[in-house]
Amino acid sequence: MITGGFGRVGRLIRPALLAEHRLRIVDRVAGEVRPGEEAVIADLSRPGVPEQALAGASGVIHLAADPRVAASWEEVYHANVVLTRRVLDAASARGVPRVVLASTVHVMGEYNRPEHRPVDPAWEPRPCCSYGLSKVVVEALGRLHADRTGASVVGLRLGGLGYALDEARYLGMWLSGRDAGALMRAALTAGPGWSVHFGMSANTRRHWDLGSARKLGYAPQDDSEPYAATAGPPATVTCRIFDDRENPPAGTEQPGGFR
């Protein structure tokens, strides 16, 4: 089962997953259904819906979230933390043995400075915004779920996925659609227990250590370097994942985010 499977990330990873799995896509809005897929159009925040949607599932990839870096804590708490808890409780009730949680590089955003690179996923989280903080809690819920149930639970701190690579500051955290699909497939093979990994492509300018992800069997193929010649300066101020050296001198806070 893929929550939010008709969204930006879900559309990119589903082709790779279909090579090995039948997919149940659960989303609030309808989308194109491919051979080997079934769709459940439902709101996972409603009582009983997660349990119904997970019936017979061998695993769940939880993508549904509010990824806005400008969102308030109250907004991301309800959209990310509360919803994840409901999905995990349903997975426990259904005995689902494998869970993949989409986290974000924003969990470690305060390390995104030259003096810390490459950032090790084993370091203590240092979120750069409310969105990142909500995913810190999501990761803690995932670890608790693994400890309580013995399930395989993998947190993936995804970089920039599904966005135009038109600013140079994103070159180090880019994740291609092809590599994202390979990463999800690798995560579904992890053994019991909790683990967390960065999810980026094999970028020449990568700032994030992929060593633990490679141990899952992830072998990224793509590199953001071909986009470097056309990637321009920063256009808007985003959250503190970028400092004054990588943000424009003035601007409005970016309404969206990435994961």
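Just so we're clear, the structure is a prediction, and the values are computed from it rather than from any experiment. Heavy atoms only: backbone and side chains are in, while hydrogens, waters and symmetry mates are out.
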Just how far is it from atom CG of L156 to atom OG of S103, taken to the nearest 0.5 Å?
-> 8.5 Å
Give the intermediate values and the outcome of side chain to side chain contact (heavy atoms under 4.5 Å, CB included) for residues N112 and E246.
-> CA-CA 10 Å; N112 189 34; E246 293 186 295; 4.1 Å; yes
Locate the shortest heavy-atom distance separating G217 from A186; write the atom from each residue and the value.
-> C-CB, 4.1 Å
side-chain hydrogen bond (donor to acceptor under 3.5 Å, both in side chains) involving R240 - partner list, sequence neighbours excluded | E110
Which pair of non-hydrogen atoms, one from C128 and one from G109, has the smallest distance, and what is that distance?
-> SG-CA, 3.6 Å
SB check R11 E32 (cutoff 4.0 Å) = no
Between P127 and G132, what is the shortest heavy-atom contact and its length?
-> CB-C, 3.6 Å
What distance do Q221 atom CD and S176 atom OG have between them, rounded to the nearest 0.5 Å?
-> 9.0 Å
Other than I41, what residues sit in its cluster of Ile, Leu, Val, Met, Phe, Trp and Tyr side chains whose heavy atoms are under 4.5 Å apart, directly or through others?
-> F6, I25, V33
May I have the step-by-step check of side chain to side chain contact (heavy atoms under 4.5 Å, CB included) for V26 and I2, ending in yes or no?
-> CA-CA 6 Å; V26 182; I2 305 178; over 6 Å; no
Side chain of R98, backbone of L188: donor and acceptor closer than 3.5 Å?
-> yes
Nearest heavy-atom contact between G162 and L12 is CA-CD1, 3.7 Å
If you measure from the Lys or Arg side-chain nitrogens to the Asp or Glu carboxylate oxygens, is any gap between E37 and R24 under 4.0 Å?
-> no
Write out all pairs satisfying ring pair (Phe, Tyr, Trp, His ring centres under 6.0 Å) with one or both partners inside residues 186-206, taking only residues at least two apart or from two chains.
-> F198-W208
N203-S201 side chain donor-acceptor pair, cut-off 3.5 Å = no
Counting only N and O atoms by type, is there a donor-acceptor contact under 3.5 Å from the side chain of R206 to the main-chain atoms of M200?
-> no
Applying side-chain hydrogen bond (donor to acceptor under 3.5 Å, both in side chains) to R205 and not counting sequence neighbours gives E225
Do V196 and V154 touch side chain to side chain, with heavy atoms closer than 4.5 Å?
-> no
Set of residues satisfying ring pair (Phe, Tyr, Trp, His ring centres under 6.0 Å) with respect to H116, sequence neighbours excluded = Y111
Nearest atoms (heavy-atom pairs only) where S130 meets A71 | CB-O, 3.7 Å
Are the charged groups of E167 and R169 less than 4.0 angstrom apart, N to O?
-> yes
Can you tell me if K135 uses its side chain to pair, donor with acceptor, with the backbone of N80 under 3.5 Å?
-> no
Where is the tightest heavy-atom contact between L210 and P220, given as atom of each residue plus distance?
-> CD1-CG, 4.2 Å
With sequence neighbours excluded, give me every salt bridge (charged side-chain N to carboxylate O under 4.0 Å, His left out) pair touching residues 80-94.
-> R85-D89
With the side chain counted from C-beta on, respond yes when E139 and V136 share a heavy-atom pair under 4.5 Å apart, and no when they do not.
-> no
Taking only residues at least two apart or on different chains, which pairs with a member in residues 71-96 satisfy ring pair (Phe, Tyr, Trp, His ring centres under 6.0 Å)?
-> W73-Y77
Taking only residues two or more places apart in sequence, or in another chain, which ones meet D243 in a side-chain hydrogen bond (donor to acceptor under 3.5 Å, both in side chains)?
-> R245
Could you list the residues that satisfy ring pair (Phe, Tyr, Trp, His ring centres under 6.0 Å) with Y218, not counting sequence neighbours?
-> none
Exercise answer: donor-acceptor pairs, residues 50-63 side-chain atoms, under 3.5 Å, sequence neighbours excluded:
{"residue": "H62", "atom": "ND1", "partner": "T3", "partner atom": "OG1", "Å": "2.7"}
{"residue": "H62", "atom": "NE2", "partner": "T84", "partner atom": "OG1", "Å": "3.1"}

Considering only heavy atoms from C-beta outward, does the side chain of R157 approach that of P121 to under 4.5 Å?
-> yes
Sidechain-backbone polar pair: N247 side chain, F242 backbone, donor-acceptor under 3.5 Å | yes
Kindly state whether the ring of W174 and the ring of Y163 have centres lying under 6.0 angstrom apart.
-> no
Start with the C-alpha gap between R22 and E38, add the side-chain angles, then the distance that decides, and say whether salt bridge (Lys or Arg N to Asp or Glu O under 4.0 Å) holds.
-> CA-CA 8 Å; R22 291 186 58 82; E38 62 176 297; 5.4 Å; no
Can you tell me which residue pairs pass the salt bridge (charged side-chain N to carboxylate O under 4.0 Å, His left out) test with a partner in residues 173-190, sequence neighbours excluded?
-> E20-R185, R178-D222
For D209, the side-chain hydrogen bond (donor to acceptor under 3.5 Å, both in side chains) test, sequence neighbours excluded, returns none
Working for salt bridge (Lys or Arg N to Asp or Glu O under 4.0 Å), residues R68 and E75 = CA-CA 9 Å; R68 295 175 300 143; E75 290 171 318; 3.3 Å; yes
Heavy-atom count around R34 CZ within 6.0 Å, excluding the residue itself: above 12?
-> yes
Check the hydrophobic clustering (I, L, V, M, F, W, Y; side-chain heavy atoms under 4.5 Å; chains of links allowed) and say if V99 and L144 are grouped together.
-> no
Apply the test side chain to side chain contact (heavy atoms under 4.5 Å, CB included) to residues Y131 and D66: give CA-CA distance (whole Å), side-chain angles for both, the deciding distance (0.1 Å), then the verdict.
-> CA-CA 8 Å; Y131 168 53; D66 183 345; over 6 Å; no
Counting heavy atoms not belonging to R143, are there more than 12 under 6.0 Å from its CZ?
-> no
Inter-residue atom distance D43.CG - R28.CZ, 0.5 Å rounding = 6.0 Å
Does the side chain to side chain contact (heavy atoms under 4.5 Å, CB included) test come out yes or no for L158 and V105, once each step is laid out?
-> CA-CA 6 Å; L158 304 180; V105 70; over 6 Å; no
